[in-house]
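Take a look at the structure set out below.
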Amino acid sequence: MAEPDPAEPERVQLAAEIAHWRHAVDALADLDTIAAPAAWAGLEEYLRMRVRDRLAAVVADLSLEAAHCSTALTRGDDTVAVRRSVLALRRRYLQVETILDFYGDAVGSRTNPALAAVLSGLDVIAGDSLDVILGRVGIAAPPAVVYVDKGLGAAILRADVRLWDRTSPSPVAAIKLTRHNLSYPTAILHECGHQVGHLTGWNAELADALAVALAPRSRELAEAWRAWASELAADVHAFAQAGWAPLPALANVVDGDTAAVYQAVHGDPHPFPWIRVIVNAALCRSWFGAGPWDVLAVAWARRHPPERAPSETAGLARLSVDALDDIVRVCTRQPMAAFGGRPLSAVADPARRSPDALDALARRAGPSLLTSQYLARREPLAVLAWLAIRPVTDPVNGPAHRRDLLDWLARLSPGAPARAA
């Protein structure tokens with residue numbers, strides 16, 4: 001009588017485990033289970049296909065990995081090696097599940113038709129924001145998908161960044177907009193700035209340029225702004241495209257008690273909130289002269305007096321205020337290789353987003369500002385900036401202005417001709 005194979009119980013168990021994970025992987029292939037068909041329909045077709053095709057490819061790779069585990073067991077490979085493969089399959093399944101859940105949640109925010117229409121309009125805005133600079137330096141702008149979620153601040157998962165499985169690149173720039181800022185969506189322009197800064201190499205170049213410009217004042221100051229360059233670049237990107245409109249929203253998001261507003265967290269790429277707001281106000285003052293941004297800056301200085309700053313950031317705050325002209329100059333007027341040897345202002349002129357320029361556009365357009373598809377596609381960022389700032393400049397009619405913005409976004413047509421160069 002043949003001796004029983006001591007490895008047989010392990011093989012039986014492995015077969016059951018492999019069958020379990022293969023079934024689980026097969027279930028992932030139905031992408032309509034992670035977001036309803038109505039939500040998928042809320043994406044423009046080319047975006048929908050791009051996202052679905054990439055997710056389907058991720059699941060297909062996982063399915064192939066599961067099949068390899070099964071084949072190895074069937075041909076009698078060592079059970080210890082097969083077990084290692086099954087554990088690796090399980091880890092990768094969880095990573096892929098995280099990817100699908102992320103995109104499922106993002107797409108799922110479009111189940112409501114009214115919200116889907118607004119988000120579709122914001123997709124257009126994000127695409128235009130990316131193309132303003134990327135198109136002028138010869139870089140193809142990646143597609144963008146905007147979704148709404150909880151929290152205070154916006155975020156971006158950059159296109160082509162490696163996802164949770166560390167092998168699959170993100171098929172689009174996925175931009176989170178918070179619910180409280182849905183009717184004040186200028187944070188999208190900041191998030192697009194992260195994608196632009198990465199693709200052009202501006203982040204690294206700006207970091208070096210700031211360090212060189214500020215080193216004569218203080219080595220500590222130079223290194224602080226070097227570390228903060230990527231977030232500063234994103235702020236400047238939003239400023240160049242929408243003027244002062246992003247500033248009130250930024251101040252609203254980063255405000256808090258005075259201790260928090262002056263807190264600099266080691267390793268955090270964000271400037272501490274107080275100086276971030278002051279620098280953004282300085283951008284406006286440098287390009288537009290005196291204006292409501294000065295009122296906001298004064299209010300912040302009174303709400304969070306510099307003399308109450310903790311010792312570890314008080315010096316940086318004082319030195320940064322003294323260096324505001326240098327910071328603004330480097331960010332907006334200094335030629336950069338990232339922009340073909342031109343300053344940022346040569347490819348995205350902030351003067352075109354001054355309050356006077358935006359008001360002149362609104363006067364010329366009259367009622368058609370809210371209804372003209374031609375104008376919406378020719379000057380989408382200017383119209384967005386004017387509509388976004390109206391609740392701040394005319395708070396009595398704030399609810400009506402917010403409705404105007406949301407209605408305008410819902411009417412933006414992804415299929416319309418692209419904006420003027």
Side-chain angles (χ1 to χ4, degrees), residues 24-63 90-127 129-130 142-192 194-195 234 249 253 406 409-410 414:
V25 171
D26 289 344
L28 292 180
D30 183 1
L31 297 180
D32 286 343
T33 63
I34 65 168
W40 285 108
L43 283 176
E44 180 71 6
E45 183 177 4
Y46 82 98
L47 287 172
R48 181 169 65 250
M49 296 308 297
R50 187 178 180 96
V51 172
R52 287 182 70 101
D53 286 352
R54 181 64 57 83
L55 296 183
V58 170
V59 176
D61 287 345
L62 185 63
S63 181
R90 185 175 68 170
R91 288 192 297 271
R92 181 138 157 73
Y93 172 89
L94 295 174
Q95 292 167 342
V96 170
E97 189 178 56
T98 299
I99 295 171
L100 296 184
D101 281 349
F102 172 80
Y103 284 103
D105 289 345
V107 174
S109 65
R110 299 185 181 228
T111 303
N112 178 281
L115 179 56
V118 171
L119 292 176
S120 181
L122 289 170
D123 293 342
V124 176
I125 290 295
S129 175
L130 291 168
V145 171
V146 179
Y147 65 100
V148 66
D149 204 350
K150 62 183 180 297
L152 274 178
I156 185 172
L157 179 67
R158 294 196 317 267
D160 293 328
V161 73
R162 297 292 171 181
L163 296 173
W164 292 269
D165 61 352
R166 300 185 181 181
T167 59
S168 305
S170 175
V172 295
I175 300 172
K176 168 193 165 183
L177 184 67
T178 55
R179 287 188 181 90
H180 74 90
N181 265 339
L182 186 60
S183 59
Y184 202 127
T186 52
I188 286 176
L189 309 181
H190 171 96
E191 301 307 329
C192 287
H194 283 303
Q195 184 79 63
V253 166
L406 293 174
L409 286 169

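Any value given below was found using the heavy atoms of this structure, including those in side chains, with hydrogens, waters and symmetry copies removed.
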[atom2] on [Y] to [atom1] on [X], rounded to 0.5 Å:
| X | Y | atom1 | atom2 | answer |
| --- | --- | --- | --- | --- |
| D30 | D26 | CG | CG | 11.0 Å |
| L163 | T98 | CG | OG1 | 10.5 Å |
| I99 | L62 | CD1 | CG | 9.5 Å |
| D101 | L94 | CG | CG | 10.5 Å |
| T178 | L152 | OG1 | CG | 7.5 Å |

I'd like to know if the side chain of [X] reaches the main chain of [Y], judged simply by a donor and an acceptor atom lying under 3.5 Å from each other, with no hydrogens or angles considered.
| X | Y | answer |
| --- | --- | --- |
| R54 | P169 | yes |
| W40 | R110 | no |
| H194 | A234 | no |
| R48 | L43 | yes |

Smallest separation among heavy atoms of [X] and [Y], with atom names:
| X | Y | value |
| --- | --- | --- |
| I156 | A173 | CD1-CB, 4.2 Å |
| L28 | Y93 | CD1-CE1, 3.4 Å |
| D123 | V146 | OD1-N, 2.8 Å |
| R92 | D61 | NH2-CB, 3.6 Å |
| A35 | G108 | CB-N, 4.1 Å |
| C192 | S129 | CB-OG, 3.4 Å |

With a 4.5 Å limit on heavy-atom distance, are the side chains of [X] and [Y] in contact?
| X | Y | result |
| --- | --- | --- |
| N181 | T186 | no |
| Q195 | L130 | yes |
| V59 | L55 | no |
| S109 | L119 | yes |
| K176 | V148 | no |
| H180 | V253 | yes |
| S168 | R162 | no |

Tell me which one of V51, L157, D160 satisfies side chain to side chain contact (heavy atoms under 4.5 Å, CB included) with S170.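 Among V51, L157, D160, the one that satisfies the side chain to side chain contact (heavy atoms under 4.5 Å, CB included) with S170 is L157.
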Quick one: do R50 and V172 satisfy side chain to side chain contact (heavy atoms under 4.5 Å, CB included)? Show the steps, please. CA-CA 8 Å; R50 187 178 180 96; V172 295; 3.9 Å; yes
Check ion pair R52-D32 (N to O, under 4.0 angstrom):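 Yes.
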Would L409 and L122 count as a side chain to side chain contact (heavy atoms under 4.5 Å, CB included) here? Give the steps. CA-CA 7 Å; L409 286 169; L122 289 170; 3.8 Å; yes
Please step through side chain to side chain contact (heavy atoms under 4.5 Å, CB included) for the pair V145 and I175, ending with a clear verdict. CA-CA 6 Å; V145 171; I175 300 172; over 6 Å; no
List the steps, then state whether ring pair (Phe, Tyr, Trp, His ring centres under 6.0 Å) holds for Y103 with Y147. CA-CA 9 Å; Y103 284 103; Y147 65 100; 8.7 Å; no
